[in-house]
Each structure stands twice: as structure tokens, then as C-alpha cells.
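Proteins get letters first, then strands, A, B, ... in listed order; numbering begins at 1 in each. All values below come from the heavy atoms of this structure, side chains included, with hydrogens, waters and symmetry mates left out.
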Amino acid sequence: MAEGLTYEKAKAEYLKVFYSLMAFTVLTVFAAMLPFHGWVGIIVGLLIAAVKTALVMYVFMHLKFDSPYLRIFIAVPLFLMFVMIFAFRVLGI
Amino acid sequence: MAHGALTLDHEPVTGIPHGKLGMWIFLATEIMFFSGFFATLIVMNHANPGLFEETAQKLSWQLALLNTVVLISSSLTMALSILNLERKDTKKFQLFLGLTLLGAFIFLVVKYIEYSGKFALDITPETNVFYACYFLMTGFHGLHVVGGIVPMVWMLGKSFTEAGYTNVGRVEVLGLYWHFVDLVWIFLFPIFYLLYNPTLIIF
């Protein structure tokens, strides 16, 4: 295997991520049913989405096993995006 | 390879196959592409107080939840198809790539049902700025799904020919793209269907 894992191990890891993604999907719907919309709701919703993103990128997209250069590559635009969103919130646009 | 041709099994500088590196650079630009849309959404929400809350409740979060489950499942089957091509299990590769393709089509069918429901009510991108953002972002995401279907059909079709399909590297690169399409939806789902919808609050 390209990731240096056996087939069985890689499959087990993918399934674990799949179940976690499903659980987080249920969690994000459940969180939207709680009475904190606005600021808190958005932060909670985006945090759950960020955790799901990390799971997909690390395991499904092999960042966990691949060259660290790729992690830097993708960290730059993600960082810029967070700066932009944060700046917009702080400026109150 | 012909003699004299310059061939390298590995890339001496980066150590990353060119296809993979190219796809990650493309995905980096894709993040910036969608960032522009998210920026638009934030600015438009501030410029139109109350509009997003009022309009978001008219979207069907149930259909969007179904599509979330479909896309996450298709991400899993895509990862499994690469794993099976690596160990040269053609039958399972075809099965899982076929399931991924099926997921992509189910997603588009659900999207079609959702869109046609809106058009039946005379709701278009011109209705208001929330719908403009909604159609823009989910529309571009839908186009990305179509863009993933094309190489999937090609690879699956080729795997049934005599020569078969053995290029693991290419399927892996397609996999990266497909997981990214899934990621964009992971953000679009809460942002459009959940976070601004006050009628969801039941506790």
C-alpha cells in the first residue's frame, strides 16, 4: 500500500473516519436545534465542519501518510481563508 | 520507455508525484475560489439584517442532509476503490468506483429535485441576495460534482476493456478532487441549511 499500511488496516481506518463523519453530521444537525443561533451557533457549526475537514484531509486525502510539503501547501490557503473570515467579523462588515 | 528518453520513477526535488502535487496546487486555488463566495456571503448577511434567517428556513435541510450522507459515503467508496486498485483487485475496484459514481448521480438527482422545487415557486437567483448566494455556491458545487463524474466514467469504462485500468496514481489524484468536493459540501450544508434557520430550534 502507498501509505505503508496493510489493506485491512487501511480499510479499518477509512471505516473509522466514515463513522466519525456520519456522527459529526448528526451532531451538526443536533447542534442547530439548540437555542444558540447567531454567533455561538456559527462558531459551533464551523468548528464541527473543521473537524470533519481535518478527518477527510488527513485520512481520505492521505495527508497523514504523505510528504509534509503537501501539508504546508494546503495550510497556506486555509490560513488565508481564516484570516479573511476573521477580519470580516472583526471589522463588522 | 524508449532508450534515451529521460524517465524518473520518483521526483528528486519534492518527492511528490507530479500529478498529486498538481492536484493539491489546484485544490489550493479552489479553496481561494470558494473563499471569495464565502466572503460574499458574510458581507451580504451583514448588509441585509434578518434576510438570511427569514429565507434559510425555506430551504429543505432534510434533502441537504440526505445529500451529505450520500457524498460522505461516496468519499468512502472512492477511498476503498483506490485501495482495491492498489492490490489489483479489479472487480472490487469496479464495484467501489461504480458506487462512487452512483453516489454522484444520486447527489445530482436530489439537487435537481431541490432546484426544481424552488423554480416551481418562482424562486430564482434574482429573488433575493440569499438565494443569489445559495444558487451561486450550490450551483458551482454541483458543477464540481459533474466535473468528477467525467473522469470516473472514463476510468470505469476503461477498466472493462481488455487492457483494463491500472493507473493507481491517476485514480488517487481523482480521489483527492472527489474528497475536496465532499469537503466543500461539508461547509455548505451547515452554512445554508442549518445555521441561519431559526425554525430548527426545538430544544
For the interface with chain B, which of Val17(A), Val29(A), Val26(A), Val59(A) has the highest count of heavy-atom pairs at distances below 4.5 Å? Val29(A)
Can you tell me how far the NZ atom of Lys52(A) sits from the CD1 atom of Ile186(B), to the nearest 0.5 Å? 5.0 Å
Applying a strict 4.5 Å limit to non-hydrogen atoms, the region of Leu63(A) in contact with chain B is side chain
Between Leu70(A) and Leu21(B) the two heavy atoms that sit nearest each other are CD2-CD1, 4.1 Å
Test: salt bridge (Lys or Arg N to Asp or Glu O under 4.0 Å). Region: residues 16-27 of chain B. Which pairs qualify, not counting sequence neighbours? Asp66(A)-Lys20(B), Lys20(B)-Glu172(B)
Atom group of Ile48(A) that falls short of 4.5 Å from chain B, counting heavy atoms: neither
Considering residues, nucleotides and ligands other than Phe79(A), do more than 12 of their heavy atoms fall under 6.0 Å from its CZ? no
Start with the C-alpha distance between Leu194(B) and Thr28(A), add both sets of side-chain angles, then the distance that settles side-chain contact (heavy atoms from CB on, under 4.5 Å), and finish with yes or no. CA-CA 8 Å; Leu194(B) 303 176; Thr28(A) 197; 4.1 Å; yes
Taking Leu78(A), Thr53(A), Leu80(A), Leu21(A) one by one, which has the highest count of heavy-atom pairs under 4.5 Å against chain B? Thr53(A)
Determine all donor-acceptor pairs shorter than 3.5 Å in which one atom belongs to a side chain in residues 134-141 of chain B; sequence neighbours excluded.
{"unit_1": "Tyr134(B)", "atom_1": "OH", "unit_2": "Glu114(B)", "atom_2": "OE2", "d": "2.6"}
{"unit_1": "Thr138(B)", "atom_1": "OG1", "unit_2": "Tyr115(B)", "atom_2": "OH", "d": "2.7"}
{"unit_1": "Thr138(B)", "atom_1": "OG1", "unit_2": "Tyr134(B)", "atom_2": "O", "d": "2.6"}
{"unit_1": "His141(B)", "atom_1": "NE2", "unit_2": "Val181(B)", "atom_2": "O", "d": "2.8"}

Could you measure the distance from the CD atom of Glu8(A) to the CG atom of Leu83(B)? Nearest 0.5 Å is fine. 9.0 Å
Closest-packed option against chain B by number of heavy-atom pairs under 4.5 Å, given Ala31(A), Gly41(A), Pro35(A): Pro35(A)
Under 4.5 Å from a heavy atom of chain A, the part of Phe189(B) involved: side chain
Before giving the answer on side-chain contact (heavy atoms from CB on, under 4.5 Å), spell out for Trp24(B) and Met61(A) the whole-Å C-alpha distance, their side-chain angles and the decisive distance to 0.1 Å. CA-CA 10 Å; Trp24(B) 273 108; Met61(A) 297 170 90; 3.7 Å; yes
Using residues 35-42 of chain B as the side-chain source, report each donor-acceptor pair under 3.5 Å to any protein atom, sequence neighbours left out, with the distance given to one decimal.
{"unit_1": "Ser35(B)", "atom_1": "OG", "unit_2": "Ile31(B)", "atom_2": "O", "d": "2.7"}
{"unit_1": "Thr40(B)", "atom_1": "OG1", "unit_2": "Gly36(B)", "atom_2": "O", "d": "2.8"}

Heavy-atom check, side chain of Leu46(A) versus side chain of Phe187(B), under 4.5 Å: yes
Within the supplied structure, the quantity of interest is the number of heavy atoms (other residues, nucleotides, ligands) at a distance under 6.0 Å from Tyr112(B) OH; does it exceed 12? no
Between Val56(A) and Asp182(B), which heavy-atom pair has the shortest distance, and what is it? CG2-OD2, 4.4 Å
Can you check whether Tyr7(A) reaches Asp89(B) side chain to side chain, under 4.5 Å on heavy atoms? no
Could you go step by step and tell me if Leu27(B) and Phe73(A) meet the side-chain contact (heavy atoms from CB on, under 4.5 Å) rule? CA-CA 10 Å; Leu27(B) 293 184; Phe73(A) 249 104; over 6 Å; no
Enter the distance from Glu30(B):CD to Ile74(A):CD1 here, rounded to the nearest 0.5 Å. 10.0 Å
Is Ile202(B) close to chain A through its backbone or its side chain, or both, or neither, when contacts mean heavy atoms under 4.5 Å? both
By number, which residues in residues 53-80 of chain B have some heavy atom less than 4.5 Å away from chain A? Trp61(B), Leu65(B), Thr68(B), Val69(B), Ile72(B), Ser73(B), Ser75(B), Leu76(B), Ala79(B), Leu80(B)
Using non-hydrogen atoms and a 4.5 Å limit, figure out which bit of Leu183(B) sits close to chain A: side chain, backbone, both or neither. side chain
